[in-house]
Protein chains: 2
Amino acid sequence: MTPTATSHDTVHTPLTAERVLAGAIELADRIGIEQFTIRRLATELDVKPMTIYHHVPSKDAIIDGIVDVVFGQIDLPPDELEWSAAIRRRCVSARSVLARHPWAPPLMESRTTPGPATLRHHDAVLGCFRRGGLSLQLTAHAYAIIDSYLYGFALQEANLPFHGDEEIAELAEAILESFPVEAFPHLAEFTTQHVLRPGYSFGHSFEFGLDVLLAGIAAAQQSNP
Amino acid sequence: MTPTATSHDTVHTPLTAERVLAGAIELADRIGIEQFTIRRLATELDVKPMTIYHHVPSKDAIIDGIVDVVFGQIDLPPDELEWSAAIRRRCVSARSVLARHPWAPPLMESRTTPGPATLRHHDAVLGCFRRGGLSLQLTAHAYAIIDSYLYGFALQEANLPFHGDEEIAELAEAILESFPVEAFPHLAEFTTQHVLRPGYSFGHSFEFGLDVLLAGIAAAQQSNP
DNA sequence: GCCAGTCATCGTACTAAGTACGACAACGAA
DNA sequence: TTCGTTGTCGTACTTAGTACGATGACTGGC
């Protein structure tokens, strides 16, 4: 580290809050939120740790910020579609966004200071239900159950400890070997006869459940006009 | 701190792994998982930090352990009930358990080394679906969507930043004041016309959504025998 | 072209937390 | 009594968040 800049270094454009957040997301995606530290982020951004604090006030503010960025990545329900189709689109988009950021699901609903993209997102979803003719009461139920399902599915999907057919087989065998088959017969059956069969994918259930919920909301709307 | 034991101290029964886990749950319930540290737990248990490591190998093992304890607190689906009623009971029980332990929802599905109560729980739920006559395929969908909904709801409920009518009003006003009403009209309407009305409770939506999902699964069972 | 002020960057250091290592004391069995 | 066993703890190392203040580069006004 000579005091004069090493000549081969490309001149860095000054760090900004946006670059900090973008780097934070990239790092969290790669190593997980547990391993995510200011020091590692600094290395990633090619600066020293304290430099980061000139652009964001704290690690917590970074978490707030990246959650808002993720909200911004989710497609809003398109105005031109009928409400249930629009919400469906938004949910499918959200699931794919949350799958790209496995650290996000537990955090999306835990921030007490929502950012602008978060507010815009909630406003758009509420507006979609209302334009579809749902009462405030039913809108509340609908939003609560749809998002519960969405975040819960994303949470489970993000925590699947495998990402391919080989890994799933390894893990399943490890768990199965940890207890006698007679102790948990249904778990053993389910694992060997279904999960380990080719073609199994947890994600296949997503649209099934989503459509059940949307149909249930639509039915409630009919029966209570 | 004289080296000889102060005479008025009641003699401590020796610490055990169970007492460590029980204390950990109590502490996490009280101060949250973020604030939960080995050092604080030691103070709580009236021992020094390193004593804890004679009964559990690491903080991570404590997390594994308390998650398993929480699984053990959830009622299993009763054998004598029809499958959907039995699953319903189990879900209602789970929701109330998870509400008592707000730190738990994000962790329940993220452990790679499930404990005995966790395995027993999953085995019982799978067995309930199978005894009800659901195919393995439908059982997989059913379990995935029911648990997504359950954990998602618990996650949202655990993260509600208010716990009474006054707090909710405070927070809502703080959020509403942070932006012009015209910017997010639906959010403003929803908050002032519904959330702030007496009698609103997020939790009221739980059984509505749960019943929609159970009915959807039953319908799928009929149409594909 | 010079200078003072501004601003991004960073070095140092403090505090909190997880936990490895080994000392020590209390207690039971030989 | 003695020795081993077992639970308890003191010390200390490492990693992490971040407060404080210094430093160097860059800028607008002269």
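Note that this is a predicted model, so its numbers are computed, not measured. Each chain gets a letter, A, B and so on, in the order its sequence line appears, and its residues count up from 1.
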Chemist: Just how far, in rounded Å, is C1' of D:dT8 from CG of B:Leu41?
Modeler: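 Taking CG of B:Leu41 and C1' of D:dT8, I get 15 Å after rounding.
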
Chemist: Quick one, B:Asp68 with B:Arg120, criterion salt bridge (charged side-chain N to carboxylate O under 4.0 Å, His left out). Give me CA distance, side-chain angles, the key distance, then yes/no.
Modeler: CA-CA 10 Å; B:Asp68 200 55; B:Arg120 184 159 44 246; over 6 Å; no

Chemist: Measure CG/A:Leu45 against C1'/C:dC10 and give the value in whole Å, please.
Modeler: 15 Å

Chemist: Using whole Å, report how far CD of B:Gln35 lies from P of C:dA17.
Modeler: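 Roughly 8 Å, once rounded to whole Å.
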
Chemist: Taking CG from B:Leu15 and C1' from D:dT6, how many angstroms apart are they, rounded to a whole number?
Modeler: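 Going from CG in B:Leu15 over to C1' in D:dT6 covers 13 Å.
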
Chemist: If you check the B:Thr37 side chain, which of C:dA17, D:dA16, D:dC9 turns out closest?
Modeler: C:dA17

Chemist: From D:dT8, D:dG17, D:dC9, pick the nucleotide closest to the side chain of B:Lys48?
Modeler: D:dC9

Chemist: Rounded to whole angstroms, how far apart are NZ on B:Lys59 and C1' on C:dA20?
Modeler: 17 Å

Chemist: Within less than 4.0 Å of OP1 or OP2 of D:dT8, is there a side-chain N or O belonging to B:His55?
Modeler: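 So the side chain of B:His55 is within the cut-off, an N or O lying under 4.0 Å from OP1 or OP2 of D:dT8.
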
Chemist: Check the phosphate of C:dC10 against A:Thr51, side-chain N and O only, distance under 4.0 Å to OP1 or OP2. Yes or no?
Modeler: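 A:Thr51 to C:dC10 OP1/OP2: side-chain N or O found under 4.0 Å.
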
Chemist: Please determine if a side-chain N or O atom of A:Arg40 lies less than 4.0 Å away from the OP1 or OP2 oxygen of D:dA16.
Modeler: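 So the side chain of A:Arg40 is within the cut-off, an N or O lying under 4.0 Å from OP1 or OP2 of D:dA16.
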
Chemist: I'd like to know whether the aromatic ring centres of A:Tyr151 and B:Phe153 sit less than 6.0 Å apart in this structure.
Modeler: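 Aromatic pair excluded; centres sit 6.0 Å or further apart.
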
Chemist: Tell me: CD of A:Glu34 to C1' of D:dG17, nearest whole Å?
Modeler: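 So the CD-C1' distance, A:Glu34 to D:dG17, works out to 16 Å.
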
Chemist: With sequence neighbours left out, write down each residue that passes ring pair (Phe, Tyr, Trp, His ring centres under 6.0 Å) with A:His55, or none if nothing qualifies.
Modeler: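 Once residues adjacent in sequence are excluded, A:His55 has no partner under the ring pair (Phe, Tyr, Trp, His ring centres under 6.0 Å) criterion.
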
Chemist: Would you mind reading off the distance between B:His54 atom NE2 and C:dC24 atom P, rounded to a whole angstrom?
Modeler: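 Rounding to the nearest Å, NE2 of B:His54 and P of C:dC24 are 15 Å apart.
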
Chemist: Any idea which of D:dA16, D:dG10, C:dC10 is nearest the B:Met50 side chain?
Modeler: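 Given the options D:dA16, D:dG10, C:dC10, the side chain of B:Met50 is closest to D:dG10.
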
Chemist: So, for B:Phe184 and A:His122, is the gap between ring centers shorter than 6.0 Å?
Modeler: no

Chemist: Between OG1 of A:Thr118 and CD1 of A:Ile74, what distance do you get to the nearest 0.5 Å?
Modeler: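 These two atoms lie 8.5 Å from each other.
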
Chemist: Output the rounded distance in Å from CD (B:Glu18) to P (D:dG7).
Modeler: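 About 13 Å, once rounded to whole Å.
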
Chemist: Can you tell me which nucleotide in C:dT9, D:dT8, D:dG17 comes closest to the side chain of A:Tyr53?
Modeler: D:dG17

